[in-house]
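For reference, the structure is listed below as structure tokens.
FYI, side chains are in, hydrogens and waters are out, and symmetry mates aren't considered; it's all heavy atoms of this structure.
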Amino acid sequence: QVQLVASGGGLVQSGGSLRLSCTVSGGTLSSYTIGWFRQPPGKQREGVSCISSSDGRKYYADSVKGRFTISRDNAKNTVYLQINSLKPEDTAVYYCAESEDQPWPGANWAMMNFFSWGRGTQVTVSS
């Protein structure tokens with residue numbers, strides 16, 4: 001059974017950085033598009049970033065462009081999300097999930113069918 005586990009969250013001050021990890025067990029990460037999502041307190045879950053398995057293209061929500069960087073290490077079966085210049089509005093539980101679909105430029109990748117949602121990791125940014 002495939003399991004994705006997000007880790008690396010914590011409490012940081014505004015302007016700080018964190019590196020989140022999404023580790024896959026029971027499966028091969030390289031075969032899937034991996035997406036990062038977040039759910040701020042009292043709000044709906046939103047897509048943050050994803051990385052394609054077919055061509056390695058990376059996609060970002062407008063709110064995080066220039067601050068967040070997604071990468072994958074297939075040898076370690078891990079996808080990373082480097083988050084810099086953190087803002088209080090980045091406070092959320094961050095999740096990763098996988099998809100068999102491939103994102104396309106101009107399409108809303110967050111609407112693809114993602115599954116194997118794992119336990120999230122809490123990111124809290126203090127002002």
Suppose we screen for side-chain hydrogen bond (donor to acceptor under 3.5 Å, both in side chains). Which residues come up paired with S71, at least two apart in sequence or across chains? none
Not counting sequence neighbours, which residues clear side-chain contact (heavy atoms from CB on, under 4.5 Å) with S21? List them please. S7, T78, Y80
Among residues two or more places apart or on two chains, list those pairs meeting disulfide (SG to SG under 2.5 Å) that have a residue in residues 98-127. none
By disulfide (SG to SG under 2.5 Å) - contacts of C96 (at least two apart): C22
Under the side-chain hydrogen bond (donor to acceptor under 3.5 Å, both in side chains) rule, collect the residues that match up with K65, sequence neighbours excluded. D62
If you round to the nearest 0.5 Å, how far is CG of L29 from CG of D73? 9.0 Å
Can you find a pair of side-chain heavy atoms, one from I51 and one from R57, that are under 4.5 Å apart? no
Residue pairs, two or more places apart or on separate chains, that pass salt bridge (charged side-chain N to carboxylate O under 4.0 Å, His left out) and touch residues 97-120: none
Side-chain atoms of residues 102-114: list all donor-acceptor pairs with protein atoms under 3.5 Å, sequence neighbours left out, distances to 0.1 Å.
residue : atom : partner : partner atom : Å
Q102    : OE1  : T33     : OG1          : 3.3
Q102    : OE1  : S52     : OG           : 2.6
Q102    : OE1  : S53     : N            : 3.4
Q102    : OE1  : S54     : N            : 3.3
Q102    : OE1  : S54     : OG           : 3.1
Q102    : NE2  : S53     : OG           : 2.7
W104    : NE1  : Q102    : O            : 3.4
N108    : OD1  : A110    : N            : 3.2

Listing, residues 84-94 side-chain donor-acceptor contacts under 3.5 Å, not counting sequence neighbours, or none:
residue : atom : partner : partner atom : Å
N84     : OD1  : S17     : OG           : 2.9
N84     : OD1  : Q82     : NE2          : 2.9
D90     : OD1  : R38     : NH1          : 2.9
D90     : OD1  : R67     : NH2          : 3.0
D90     : OD2  : R67     : NH1          : 2.7
D90     : OD2  : R67     : NH2          : 3.4
D90     : OD2  : K87     : N            : 2.8
T91     : OG1  : P88     : O            : 2.9
T91     : OG1  : V125    : N            : 2.9
Y94     : OH   : R38     : NH1          : 2.9
Y94     : OH   : D90     : O            : 2.7

V5-V48 co-clustered via ILVMFWY side chain contacts under 4.5 Å: no
Residue pairs, two or more places apart or on separate chains, that pass disulfide (SG to SG under 2.5 Å) and touch residues 98-127: none
Disulfide (SG to SG under 2.5 Å) pairs touching residues 97-127, sequence neighbours excluded, are none
Rounded to the nearest 0.5 Å, what separation is found between the OG atom of S25 and the CG atom of N77? 8.5 Å
Salt bridge (charged side-chain N to carboxylate O under 4.0 Å, His left out) pairs, two or more places apart, involving residues 13-23: none
May I ask you to test the I83-L20 pair for a side-chain heavy-atom distance under 4.5 Å? yes
Taking the side chain as C-beta and beyond, is there a heavy-atom pair between S49 and F68 under 4.5 Å? no
Is it true that W117 and F37 have ring centroids separated by less than 6.0 Å? yes
Might you work through the side-chain contact (heavy atoms from CB on, under 4.5 Å) test for Y59 and I70, ending with a clear yes or no? CA-CA 8 Å; Y59 298 81; I70 192 170; over 6 Å; no
All pairs passing disulfide (SG to SG under 2.5 Å) where residues 28-78 contributes a residue, at least two apart: none
How long is the span from the OH atom in Y95 to the CH2 atom in W36, to the nearest 0.5 Å? 11.5 Å
Would you say the side chain of S127 lies within less than 4.5 Å of the side chain of Q13, judging by non-hydrogen atoms? no
Under a 4.5 Å side-chain heavy-atom rule over Ile, Leu, Val, Met, Phe, Trp and Tyr, are V64 and L81 clustered together? yes
